Each structure stands twice: as C-alpha cells, then as structure tokens.
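Every value quoted in this text rests on a predicted model; they were computed, and no experiment measured them. Every chain is numbered from 1 and lettered A, B, ... according to where its sequence line falls, protein lines coming before strand lines.
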Amino acid sequence: MTAFIHVFHSEWLKRKRSFASTLVIGGSLFTPAVVAAVRLIHFRGLPAIYAADAFWPNMWQACWESMAIFFLPLGAILATSLITQIEFKSNAWKQVHALPISTAVIFLTKLGVILVMIFEFLLLFNAGMYVSGMIPAIVVPGVPHPRGTFTALPLLRENVLYFIDVLPIAGAQYLMALRSNNVLVPIGIGFMAWVGALAAVSSKAAIWWPYSYTIIHYISNKPKGARFASYHQLHWLAAISFVLLTVISYVLFVTKKERG
Amino acid sequence: MYALQTSDLHHRFVNHDVLRGIDIQVPAGSIYGFLGPNGAGKTTTLRLVLGLLQTQQGEIRIFGKRFDRERIAILRNVGSLIESPSLYDHLSASENLRLMQLIHRCPASRIAEVLELVGLADTGRKRAKQFSLGMRQRLAIAGALLHRPELIILDEPTNGLDPSGIIEIRNLLMELNRRDGCTILVSSHLLSEIERLATHVGILGKGKLLFQGTVDELRRCRQEVLSIRMSTSDNADAVRAITDDGIAARVDEEEIVLPALTGERIAGLNRMLMARNLDVYEIRTVRNDLETIFLNLVQE
C-alpha cells in the first residue's frame, strides 16, 4: 500500500503543468463562467430569476446541459488520453518499467490519477456553478440572494452518478491510449465514439453504448426524457462496462511483449 | 561474484535472430564495456536484462538472483539509462528526479547531490524541453544514480555530449566505481571510449559474444604482431626470392606483406635481398591495434 501511495504521488506530479490539467480546470469552469457572464450582461431579468424558489435546481439544469452532453465526455476523452500519452510523448515507458514497481501498480496508479482528475473536474464545476450563481447577487444592485437552499445531498448523489456514468469513457480511452503511441488515435476514436453517442441517443440501443451514459442521464432528468426513466440500471451498466474495459486493458498491458 | 550474468540468452524478432546464446559475465565492482557495431544486439540485450523485453530463452541473474523471479527486489539496486533519455519535458530537472525519488524512497537531498554531480545544479525551474541534448543525457544519468544503485546500466551514455562532456561523464563513472564500488555496464559502439573507461570488455557482433575478458587481455592481443611489411626497389623480384626461401609473401599496395617472423629471420631476409642487388627501403612490423581486433571480430 505504501508503494502504491508513493507511485501515485509520483504519477500525480507528472500531470503538473500538463495540457490535461489545464484542460480540467478550463473545461470545468467554462460553463459556470459563461452562465455568470450572460447573466451579468442581461442583468435586467435577474431579480425575477433569483426570486424563484427553484433557483438552484434551475441553475443546476442550465449548467449541466453543456456539461453532461459536451464537457464531461470530451473532458474524460481528452484528459485520459493526454495523461496516458505523457509516457509515450516523453519516451518514458521504458524508464517506468525499469523502476522497482509492479506492473499492476503502474497500471492502477495511472488510472487512479485519471479518476481523481475527473473527480476534480466535477468538484471544480460544482464550485464554479455555486460561485457563478452568487456573483450576480453580490455585484448587481437589486438582485436578491438566491431563494431556496443549496441542498447538498441530491447534489452529491447526482455528482456521484455522473461520475459513474463517465467511467466507461475513461476505461475505453485508457485502453486505447495504453496501446497507441500516437495521441491522435485515442482522441480521434474517442471523438467519433462521442459523436456516435449523440447520434444514437434517440434510440433505445444507446444504452449499450458506453459513450452515451452521461447524455442519457441528463435527458432522463428532463420531463421530455421520460422514455429513459425505465433505464434505472444505467449506472450499473456504466459501472460494469468500466470494470470490463479496465480488466481488458490490464490483461493487454501485462501481456505486452515489449515494454517501452 | 558476478553483478550480472546471462546464460544462453536468445532473442528473436520476426524472422530474425537478434541474440544467439549470449553469456555475459559482469564481475561485481567492474566497469564493463559492452561493445558492438550498431545493430549487433547491445540494446536488445540490455532491454532483456531490465525486463523491457520478455525473455524467450535463457536466464538472467543479477547479484545471483534470477531476474524473472525477483524483478522488483533486483531493480531496487539497479539504475539505468536505455537509448535516448526518458524525460518529462514539461517538468524541471529536479521535478523529473523527484518522480523517481518518490519511487526509490531515497532522501530528497539526493536530488541536489546528483544534479551537482552531473553539472545541472543551476538549471533551477528551467523545463527539460529547453535542455540541450547533452543536458538531457546528464539528467538521465543523474536519474540512474539517484538511489545509489549497486549496478548501473547505461546504454550509449555519452551520445550527444561534447568532448568535454564525454570526459566529465567518463570521470564521473570512474569516480563512482572507485569510491562506491558500484558495478557499471556501459554499452557503446566507440572502442576508444570503452578502452579509456572500462576494466572489462564484452564484444558483441551479429548476436554473438565474440570476446569477453579484461581490457588488459584485449590489450595483450594488441601487442601480437599481425604481419611484416617491406618495400624494395623491385617488389615482384623480391616476392619470388622470399617465396623461394619458404615464406609466403604477396604484394599489397606496392608493399610486400609477410607473416609474423622472428628478428633473426627478418635480418636474414634483408641480407638475402641485398645479396640479390635489391635495395630494401623499409621493413616494418604491423601490430594488431584494438580497432583492428574489434573489426576483425565483428566482421568475421
């Protein structure tokens, strides 16, 4: 366990100043920043919006639309591919495999860093959403503080479920990024798979497509998305497909004849 | 006691045997020069030794332990640099070493020590992508030395270094070997470099180990007279006379080439040619220099 923590720390440092870590911060704060900017520009209608009882659920829906459909899946595609590709880009796989650590620890710590970065993505997004909701009330005269409470438990539950729903994307991207020494391959395939998810989401078969779970989750939360309400096992499917993809990745990783 | 020992090491890439029964024996405390022309199989051997390639046939032992059974315990005592440096370009020199220091769990103070050793102490926050090839090579060497390993494996460590950098790295390795007693395995295709640095040499050619021994043993081969070359006023007539005298002679590039002979025999030949009114301009012995030995070995 101590070895795992040290290797994880080492892996965590590798993301410092990397494009992937910049992307996590930029991508997670983009939507809250745009929402805040738009509200500040159109400030005349704000008093009515802020007086609404359902201010925070409405804010949540407004921010999550672009997050669930666009930023979260694409963020996972890019962050996973870029973090994994750091070793190829640095010609460092051979050095990593010549260190006194087991192949399992190498595999799991790198995956761990990716998952923590996705968690960080969600955390920053939530913090950004709260701040963007509060800014107009602070800076625009006449805008009241939002009504209704910022309830933590449903928020936490939704975040955990979105995190589970994005895991298959991270799993699939990790599998591809470990196999290819060209970063464009996993990113290109991931992007096409995401476009496929957008195209397939109107079909019931979308439930079997790992890249579609965050989108289905968002649609299911809307009144018009009721057709997905029966898919209460969506999150289980996401978790199972992530585990399967991770096991396949691991087997391919440890049985590689040439390392680095 | 051998720091590294391979037995009957074979490796085959698709339709091509890269290694054909390599038996390397690197004595503990030595500097072992692993010589061979490009494509001889040096890097493949080193990659097998570090577990970067799966062993197909043969056995690798490091400090007496089988690598396939005790990989992690062995690698704790091994520092390596294989081919081009593995550096994270977006990180500084000390950050690159910090990644390894965390895994080796050696004192953080070692980072500054090894940076000082390789002459990179003043690079500060400069990122590795701004380093010259020589600086990158030094940083990679610093990484190999970080945890004070007992065995250091360096594949072409002076690649990209200028002459003064080569001398500095050579002196550094010799100092480490002398002071800490660590074993150093250095591969190179440059004979002169290995001759100046190593105590032991292994010469690899076409996937086979052609020579293994101390540098002194290799130097003794050097002292052996390979041939005698002679120049006369009429080489063709001289060759006939020498051949009649029972010595195999031939003309090569306007010189007569003779096999190795004793001093008395050479003096006798000189008298005989003079008696035939042939002027002898020059008689010289051609000794086998290290380069000739090396080339002869790898071209056989």
Chain A: which of [options] shares the most heavy-atom pairs with it under 4.5 Å?
| options | answer |
| --- | --- |
| B/Ile153, B/Asn96, B/Leu87 | B/Leu87 |
| B/Leu81, B/Leu50, B/Val78, B/Ile82 | B/Ile82 |
| B/Gln101, B/Met100, B/Arg127, B/Gln56 | B/Arg127 |

Interatomic spacing from [atom1] in [X] to [atom2] in [Y] - rounded to 0.5 Å:
| X | Y | atom1 | atom2 | result |
| --- | --- | --- | --- | --- |
| B/Leu52 | A/Lys94 | CG | NZ | 8.5 Å |
| A/Glu11 | B/Leu99 | CD | CG | 8.0 Å |
| A/Gln95 | B/Glu83 | CD | CD | 11.5 Å |
| A/Lys256 | B/Leu53 | NZ | CG | 12.0 Å |
| B/Arg71 | A/Thr103 | CZ | OG1 | 5.0 Å |

Please indicate whether [X] has more than 12 foreign heavy atoms, meaning atoms of other residues, nucleotides or ligands, lying under 6.0 Å from its [atom1].
| X | atom1 | value |
| --- | --- | --- |
| B/Glu116 | CD | no |
| A/Phe191 | CZ | no |
| A/Arg157 | CZ | no |
| B/Phe13 | CZ | yes |
| A/Phe19 | CZ | no |
| A/Phe253 | CZ | yes |
| A/Trp194 | CH2 | yes |

**Asked** Between A/Leu99, A/Ile5, A/Val96, which shows the greatest number of heavy-atom pairs under 4.5 Å with chain B?
**Response**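 If we count pairs closer than 4.5 Å to chain B, A/Leu99 comes out on top.
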**Asked** B/Glu95 and salt bridge (Lys or Arg N to Asp or Glu O under 4.0 Å): which partner among A/Arg15, A/Arg17, A/Lys14?
**Response**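 With B/Glu95 as partner, A/Arg15, A/Arg17, A/Lys14 yield a single salt bridge (Lys or Arg N to Asp or Glu O under 4.0 Å), made by A/Arg17.
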**Prompt:** Would you say the side chains of B/Ser86 and A/Asn91 form a donor-acceptor pair under 3.5 Å?
**Reply:**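 No, A/Asn91 and B/Ser86 have no side-chain donor paired with an acceptor closer than 3.5 Å.
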**Message:** Need one label for A/Thr255: side chain, backbone, both or neither, based on atoms under 4.5 Å from any heavy atom in chain B.
**Reply:**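 For A/Thr255, the contact with chain B is made by the backbone alone.
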**Asked** Only one of A/Lys89, A/Glu87, A/Lys16 clears side-chain hydrogen bond (donor to acceptor under 3.5 Å, both in side chains) with B/Tyr88; which?
**Response**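 Answer to the side-chain hydrogen bond (donor to acceptor under 3.5 Å, both in side chains) test with B/Tyr88 among A/Lys89, A/Glu87, A/Lys16: A/Glu87.
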**Asked** Between A/Leu13 and B/Leu102, is a side-chain contact (heavy atoms from CB on, under 4.5 Å) present by the stated rule, with each step listed?
**Response** CA-CA 10 Å; A/Leu13 291 179; B/Leu102 282 165; 3.6 Å; yes
**Message:** Run the side-chain contact (heavy atoms from CB on, under 4.5 Å) test on A/Ser102 and B/Ile72 for me, step by step, so that the C-alpha distance in whole Å, both residues' side-chain angles and the decisive distance to 0.1 Å come before the verdict.
**Reply:** CA-CA 7 Å; A/Ser102 71; B/Ile72 293 177; 3.8 Å; yes
**Message:** Walk me through whether B/His90 and A/Ile86 qualify under side-chain contact (heavy atoms from CB on, under 4.5 Å).
**Reply:** CA-CA 10 Å; B/His90 56 292; A/Ile86 283 178; 4.1 Å; yes
**Request:** Check the pair B/Ile103, A/Ile101 against side-chain contact (heavy atoms from CB on, under 4.5 Å), reporting the backbone distance first and the verdict last.
**Result:** CA-CA 8 Å; B/Ile103 292 169; A/Ile101 39 178; 4.0 Å; yes
**Asked** Is it the side chain or the backbone of B/His104 that comes within 4.5 Å of chain A heavy atoms, both, or neither?
**Response**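 Just the side chain, heavy atoms under 4.5 Å.
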